[in-house]
Structure formats: C-alpha cells, structure tokens
Undergrad: 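What follows is a structure written as structure tokens; I'll ask about it next.
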Amino acid sequence: MLIAFHRKLRKIELVVGGDIEEFVVSKELMSLPRVDQISDFHCVTTWSKLDLHWSGYRFKDFYDTLVLPKSTTPLSFVVLKAQDGYKTCLPLSDLLSQDVLLADKLDNVRLSIDHGAPIRIVAPKHYGYKSLKHIKRIEFYKEKKVIKKGILRFMDHPRARAYQEERVLKGPGIIFRWLYKLTINRTIRIFREASKFYKSE
Ligand SMILES: Nc1nc2c(c(=O)[nH]1)N[C@H]1C(S)=C(S)[C@@H](COP(=O)(O)O)O[C@H]1N2
Ligand SMILES: [Mo]
C-alpha cells in the first residue's frame, strides 16, 4: 500500500478534462522541450523565496501541443486539482504566459514531496497558492468557475497577481499584507503539515 502510494507520487500522469473530452497525458509530456527558469516565489501570507531554479515544461507548450488539437470549443478558464485534494484556478490566458511551468525539478533534482512531487505548477507572477503541487487533473472550461466556498472563497482571488497585490477576492490587498503577516508562522506550519497528507483514490 505504502509502495503503491509512493509510486503514485513519482509517476507523472495528468488527466485533462472539463469542457473537453477526457484524456491522460504521461509520456507525451517528455516530448515537449525542457525549460529551465530562475524565478521568485511569493506566498500570499508574505513570505517569499527568490531566485529558485525550476525545470520542466512550459504550460503553453503543453497546451498548444497536447490540448489545443483536441479541443472543439474556445476555452478560457482552468481548474487545477492535486493529489492531496487541493485545488486552484486561473484564467487560461494567465497560464499561457511564458514563465508558467509544469515543473518536475527544483535545483536540478526531482521535486521532493514537500515541494510538489511528481509535478507541479509554477506561476511566478501569481501568489504561491496558484502554484499547485502534486498536480493530477487539469480541467479546461469555456467559462469562469467558482471553486472555493465559505472563507476560502474570500481568500481566493481569481488571478492573485503578486505585483498587483491581489491577495483576497475583495478589498485592498495592502491591508491583508499586514493581517497575513500576523499569521505567517501558523500558515507556514499548516502548509507544511498539509503537504504530508495524500488521498489515495
Ligand atoms: N497540492 C497543493 N498545492 C499547493 C498547496 C497545498 O497545500 N497543496 N499550497 C499552496 C501554497 S499556499 C503555497 S505558498 C505553495 C508553497 O509551495 P512550497 O511548499 O513548495 O513552498 O504551494 C501551493 N500549492
Ligand atoms: Mo501560500
């Protein structure tokens, strides 16, 4: 059971779905050009990590080569789902930016479980919560979707661009900079804990 679990975290298998007929991408991903990138990472709770060296595949290459030929309708919105039950979303146009990766390496080694094995999104212009780890499903939709409920909805900006301080759904980001700062140690602990649990479906 544990071994099966572990294998799941190593094997790259992405299910593509939504308003497009479902299909699985695994080895096809390796046919895309490998891209290396140095970029900064900003968590909305105000910690940042600068100059991270990621390696993987451009989301745009993945979309243009493997998804677009199979889509029959114009798509504009993407829901990303992870093996630990976490999900996030972004407009397709944001994911098609040159600096958005499906990354499988950090500092030249395969991603650790903590940092999103086997493959994760890296979207440097957006707050960290859009950089989904352990990605397993990518759903493309014609129209925007609301994916979080309750308090989480408030904490979830559809774009969450770091330089525009889009920290929360409504209200001035600058105020939330200070509120989030007060919770920083707690949130780091929660996210560290969260990354230890996986659902085996
Ligand atoms: N699957 C999954 N992805 C996730 C999260 C998570 O809990 N589960 N946390 C998000 C948040 S809030 C941040 S800041 C980053 C943290 O990435 P790191 O653990 O590599 O530092 O991952 C994001 N992606
Ligand atoms: Mo975060």
Side-chain angles (χ1 to χ4, degrees), residues 33-64 67 75-82 86-107 111 114-116 119-135 138-141 143-192 194-195:
R34 179 164 283 281
V35 175
D36 280 72
Q37 167 173 304
I38 311 279
S39 49
D40 299 342
F41 192 98
H42 306 287
C43 170
V44 71
T45 62
T46 70
W47 59 264
S48 292
K49 192 116 172 132
L50 308 183
D51 295 331
L52 292 167
H53 176 191
W54 301 103
S55 178
Y57 309 96
R58 245 184 213 121
F59 192 92
K60 185 174 185 340
D61 291 339
F62 158 77
Y63 180 73
D64 288 347
V67 181
L75 302 163
S76 73
F77 194 76
V78 183
V79 177
L80 305 158
K81 294 186 176 169
Y86 188 92
K87 58 185 167 182
T88 192
C89 58
L90 272 172
L92 175 60
S93 53
D94 281 343
L95 285 165
L96 297 182
S97 169
Q98 291 291 322
D99 60 359
V100 176
L101 303 184
L102 280 162
D104 60 353
K105 289 185 183 177
L106 176 61
D107 285 337
L111 285 183
D114 267 1
H115 291 304
I119 191 158
R120 74 176 296 170
I121 294 283
V122 172
K125 286 202 280 287
H126 305 263
Y127 284 122
Y129 66 91
K130 298 292 182 181
S131 286
L132 185 110
K133 304 191 273 190
H134 327 293
I135 188 165
I138 308 182
E139 296 172 356
F140 293 88
Y141 291 102
E143 275 155 29
K144 199 174 149 199
K145 295 232 169 241
V146 171
I147 60 156
K148 302 226 175 175
K149 299 206 175 91
I151 181 76
L152 293 177
R153 167 131 171 82
F154 173 69
M155 292 170 82
D156 192 44
H157 188 283
R159 300 186 75 190
R161 289 169 300 171
Y163 284 93
Q164 282 77 0
E165 286 217 45
E166 291 169 338
R167 287 181 198 269
V168 285
L169 185 59
K170 287 199 181 90
I174 193 160
I175 291 174
F176 285 87
R177 187 196 303 168
W178 299 105
L179 289 176
Y180 276 135
K181 246 188 193 155
L182 299 173
T183 71
I184 192 164
N185 288 324
R186 190 158 178 275
T187 46
I188 287 175
R189 234 179 4 253
I190 291 170
F191 287 123
R192 196 166 288 149
S195 68

Undergrad: Donor-acceptor pair, distance only, cut-off 3.5 Å: does the side chain of Arg58 make one with the backbone of Gln98?
TA: yes
Undergrad: State, yes or no, whether a side-chain contact exists between Leu111 and Leu106 at a heavy-atom distance under 4.5 Å.
TA: yes
Undergrad: Would you say Lys148's side chain and Lys87's backbone share a donor-acceptor pair under 3.5 angstrom?
TA: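 Side chain of Lys148 to backbone of Lys87: a pair is present.
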Undergrad: How long is the straight-line distance from CH2 of Trp178 back to OG1 of Thr183, given to the nearest 0.5 Å?
TA: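 Reported to 0.5 Å precision, the distance equals 13.0 Å.
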Undergrad: Look at the aromatic rings of Phe41 and Trp47 and report parallel, tilted or perpendicular, splitting at 30° and 60°.
TA: parallel
Undergrad: With a 3.5 Å distance limit and no angle check, can you tell me whether Arg161 reaches the backbone of Glu166 through a side-chain donor-acceptor pair?
TA: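 Answer holds: no.
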Undergrad: Do you know the tightest heavy-atom contact between Asp114 and Lys133?
TA: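 Scanning both residues completely, I find the closest heavy atoms to be O-NZ, 2.9 Å.
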Undergrad: Looking only at heavy atoms, which two atoms of Leu80 and Leu132 are closest? And how far apart?
TA: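 Looks like O-CD1, 3.5 Å.
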Undergrad: Treating Gln37 as the side-chain partner and Trp54 as the backbone partner, does any N or O pair qualify as donor plus acceptor under 3.5 Å?
TA: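 The answer is no, because no donor-acceptor pair under 3.5 Å joins these two groups.
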Undergrad: At what distance, to the nearest 0.5 angstrom, does CG of Leu75 lie from OG of Ser93?
TA: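 Between atom CG of Leu75 and atom OG of Ser93 there are 12.0 Å.
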Undergrad: Does any N or O in the side chain of Ser97 come within less than 3.5 Å of the main-chain N or O of Asp94, such that one atom is a donor and the other an acceptor?
TA: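 No: the side chain of Ser97 does not pair with the backbone of Asp94.
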Undergrad: How close do Tyr57 and Pro33 get, heavy atom to heavy atom, and via which atoms?
TA: CD2-O, 3.7 Å
Undergrad: Taking Arg159 for the side chain and Pro91 for the main chain, is one N or O donor matched with an acceptor at less than 3.5 Å?
TA: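 Checked: no pair found.
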Undergrad: Hey, could you give me the CG/CG distance between Leu92 and Leu96, rounded to the nearest 0.5 Å?
TA: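 Output value for this atom pair is 4.0 Å.
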Undergrad: Counting only heavy atoms not in Lys49, do more than 12 fall under 6.0 Å of its NZ?
TA: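 Atom NZ in Lys49 is not crowded, with 12 or fewer foreign heavy atoms closer than 6.0 Å.
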Undergrad: As a quick check of understanding, evaluate side chain to side chain contact (heavy atoms under 4.5 Å, CB included) for Ile121 and Leu102, giving each step before the final call.
TA: CA-CA 5 Å; Ile121 294 283; Leu102 280 162; 3.7 Å; yes
Undergrad: If the threshold is 4.0 Å, N to carboxylate O, is there a salt bridge linking Asp104 and Arg34?
TA: yes
Undergrad: Which atoms form the tightest heavy-atom contact between Ala160 and Tyr129, and what is the distance?
TA: CB-OH, 3.3 Å
Undergrad: Within the structure provided, determine whether His42 and Tyr163 are in side-chain contact (heavy-atom separation under 4.5 Å).
TA: yes
Undergrad: In Å, rounded to the nearest 0.5 Å, how long is the span from NZ of Lys125 to CD of Gln164?
TA: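 Lys125 NZ to Gln164 CD: 10.0 Å, rounded to 0.5 Å.
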Undergrad: Let's go through His53 and Asp36 carefully: what are the C-alpha distance in whole Å and the side-chain angles of both, what is the deciding distance for side chain to side chain contact (heavy atoms under 4.5 Å, CB included) to 0.1 Å, and is it a yes or a no?
TA: CA-CA 7 Å; His53 176 191; Asp36 280 72; 2.7 Å; yes
Undergrad: Determine the sole option in Asp99, Asp40, Leu101 for which the side-chain contact (heavy atoms from CB on, under 4.5 Å) test with Pro124 is passed.
TA: Asp99
Undergrad: With a 3.5 Å distance limit and no angle check, can you tell me whether Tyr63 reaches the backbone of Leu95 through a side-chain donor-acceptor pair?
TA: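 It does not hold such a pair.
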Undergrad: Find out whether the Lys NZ or Arg CZ of Lys145 is both under 6.0 angstrom from the six-membered ring centre of Phe140 and within 45° of the ring's axis.
TA: no
Undergrad: State the NZ-CD distance between Lys81 and Glu139, to the nearest 0.5 angstrom.
TA: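 Rounded to the nearest 0.5 Å, the NZ-CD separation comes to 3.5 Å.
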Undergrad: Please determine whether side chain to side chain contact (heavy atoms under 4.5 Å, CB included) holds for the pair Ile135 and Arg120, giving the CA-CA distance in whole Å, both sets of side-chain angles, and the decisive distance to 0.1 Å.
TA: CA-CA 5 Å; Ile135 188 165; Arg120 74 176 296 170; 5.6 Å; no
Undergrad: Ignoring hydrogens, what is the shortest heavy-atom contact between Phe154 and Lys170? Give both atom names and the distance.
TA: CE1-O, 3.7 Å
Undergrad: Locate the shortest heavy-atom distance separating Tyr180 from Val44; write the atom from each residue and the value.
TA: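 Taking Tyr180 first and Val44 second, the nearest heavy atoms are CD1-O, 3.4 Å.
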Undergrad: Quick one: does any side-chain atom of Tyr127 pair with a main-chain N or O of Thr45 as donor and acceptor, under 3.5 Å?
TA: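 Checking the backbone N and O of Thr45 against the side chain of Tyr127, no donor-acceptor pair under 3.5 Å is found.
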Undergrad: Do Val100 and Lys60 make a side-chain contact, defined as non-hydrogen atoms from C-beta onward lying under 4.5 Å apart?
TA: no
Undergrad: Salt-bridged, Asp156 to Lys130, with N to O below 4.0 Å?
TA: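 Yes, Asp156 and Lys130 are salt-bridged.
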